[in-house]
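Every value quoted in this text rests on a predicted model; they were computed, and no experiment measured them. For ligands, and for the atoms within them, numbers begin at 1 and follow the listed sequence.
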Amino acid sequence: MKMKVNGKVWLVGAGPGDAGLLTIKGKQLLESADIILYDALISTEIMSLIPSETEKINVGKRAANHKASQDEINRLLLEQAWLGKKVVRLKGGDPFVFGRGGEELELLVENQIPFEIVPGITSAVAAPAFAGIPITHRDFTSSFHVITGHAQFGHAQFGHAQTGGNGKIAFDALVKLEGTLVFLMGISNMQMICEGLQAAGMDKEMPAAVVERGTCAKQRKVVATIGTLCVEAQKAHIQTPAIILVGRVCTLADQFTWAEKRILGGKQYITTRPQRRSSQLTEKLRNLGAQVIEMPAIRTACICKNEQLQKCLYEIGTQEFTEEWLVLTSPTGVILLWEEMQRMHFDIRNLWKNGSCIKFAAIGSATAQELQVRGIIPDIVPDTYCAEDLGKKLAVAVDKRARVNLLRAKEGSALLFPPLLEAQIRYRDIPIYETQLAENTLLTEQVIELLRAGEIDAVTFTSASTVRGFVQMIESEIKKEVNAGLGSAEAEGGLVDYRKLSAVCIGEQTAAEARKYHMKIHIAKEATIDSMVTLLSEL
Ligand code: SAH
């Protein structure tokens, strides 16, 4: 008899928004889950850590004026676990801090579904920290208290709160505690909270602050007193999600401002390189304080069981050519070439077995670097990363009786050929991988919203194909929006205006592609990741 195997549910806290504040366990689960049910408050940066092929359901999204109810979410969790899946229930901050995590567990326990809890950093602690407000401080306070400012979570009578009454928040008790008070979900009840505290005897000069979108690139803070906070927050158009802080520690906010002061503090970027190549750029930008959404716009697929390549490798030096060149035009090309050689069980020493002279060319420093870690220092690297210059450099360096093997992408630039043809150099173009367009509907939808809101400071492009892929991802989602009967694109918030978009390009060819969409072009001085990072820091 076959046993039914149940899956398992992980209740995971995603933290307050900054991807660096996700726990290691949380990140591992995002990368390995079969399905992820997530809430509205999860930042796009964190969503972009999830592999594009992982099934994702947004249970916080209002579809046709209807948000998934708690019952529906519970049922969905159960169903997916019954299917034997590894289910991640992803929640903003910590799952048990006003996250209804407890309710979701009840049904799991009842049905004996195994589960684990992965705590997250709650916004109650992280948002003050990023605003430069120590939540406790020996000189000011020795406790802090986290309170919901939302009726739904209070007692039944709390409903009065919205009409301005004292509701059920025990303001008297809170005031007596003399600790730092942190109100979550309190923005719409801010006035009631500030007045309630004063009515319970708190001095209207008591420092207070609001921190909106704490830890995120677009974080904002307003520092005032409980007497003036409402007016000041209104002036600044503070919106949810935000926390309200009350206590003398708020006076330190200016002195301790730090998040915005980072070189790339307050910046939000999109990177478009294929996932396996993007982390270096992303990491450097995040280290300088930026939020980075990884949106791979192309996928590189190895041409496996590559007979043409096999023939090339075994043939090298066996014929009339005494000098043979292997030309690599991207780091990905080097990586995939070695992977394919491994699959073929090809020993690199075979290249030299006929005593011929083997030479290597790399298009740029990153490609050269990949060769070097494999023990090969390329014979030529052009000064500028571009196919045409590589061709010219080869035309000079290559012996007339040599043969050149171009090991590169199927759609590689044709600009490489003319200099070789002119110099009458014999070459073979051998595709070792293809670039394909990427797809990631949910992430693209979120990115479109951010683009429309003007919240993306720049998009980085490392090849013309990433520009094409990016635009295609955006356009096909917009088309779906329109086709779904949501009216014209204009009615749905408009098309994406690329003219407002800063495109940071690795080189001239990439920029030429971005120019077609009238993006605001910035070109790195050198065709390197470091140079792109420097450029972004200077913008
Ligand atoms: N479990 C979450 C809280 C969920 S209740 C946590 O531990 O953080 C939702 C409330 O959390 C919001 O109304 C807001 O008050 C607060 N919140 C969540 N993310 C926030 C952020 N990045 N900045 C400020 N407040 C945030």
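Geometrically, ligand 1 and T215 share no nitrogen or oxygen pair separated by less than 3.5 Å. No N or O atom of I121 sits closer than 3.5 Å to an N or O atom of ligand 1. Backbone and side-chain nitrogen or oxygen atoms of G93 are examined, and none is located within less than 3.5 angstrom of a nitrogen or oxygen of ligand 1. For the pair A242 and ligand 1, the shortest N or O to N or O distance falls below 3.5 Å. Below 3.5 Å of separation, one finds an N or O of P16 facing an N or O of ligand 1. Residue contacts with ligand 1: F98 is placed with no nitrogen or oxygen under 3.5 Å of a nitrogen or oxygen of the ligand (distance criterion only).
For atom 8 (O) of ligand 1, the closest non-hydrogen atom on the protein side is S123 OG, 2.7 Å. The protein heavy atom nearest to atom 1 (N) of ligand 1 is V97 O, 2.7 Å. Of the protein's heavy atoms, G92 O, 3.3 Å lies nearest to atom 2 (C) of ligand 1. At the shortest separation from atom 21 (C) of ligand 1 among protein heavy atoms lies G214 N, 3.5 Å. The nearest heavy-atom contact from the protein to atom 10 (C) of ligand 1 is M185 CG, 3.6 Å.
S123 has its side chain within reach of I243: a pair of non-hydrogen atoms, C-beta onward, lies under 4.5 Å apart. Counting only heavy atoms from C-beta outward, the side chains of I474 and M295 approach each other to under 4.5 Å.
Under the 3.5 Å distance criterion, with hydrogens and angles disregarded, no donor-acceptor pair is assigned to the side chains of T444 and E477. In this structure, a donor-acceptor pair under 3.5 Å is present between the side chains of Q80 and K85. Side-chain contact annotation: E103 with Q70, donor-acceptor N/O pair under 3.5 Å absent.
Residue contacts with ligand 1, taken as heavy atom pairs separated by less than 4.0 Å, involve L41 solely via side-chain atoms from C-beta onward. Of all the heavy atoms of R213, the ones lying under 4.0 Å from any atom of ligand 1 belong exclusively to the backbone.
Salt-bridge check for K235 with E232: passed, with a basic side-chain N closer than 4.0 Å to an acidic carboxylate O. Contact check on D530 versus K525 returns no salt bridge, with no Lys/Arg side-chain nitrogen under 4.0 Å from an Asp/Glu carboxylate oxygen.
Ligand 1 places these atoms under 4.0 Å from at least one heavy atom of L184: 3 (C), 11 (O), 15 (O), 16 (C).
Checking side-chain atoms of S48 against main-chain N and O of E294 turns up a donor-acceptor pair under 3.5 Å.
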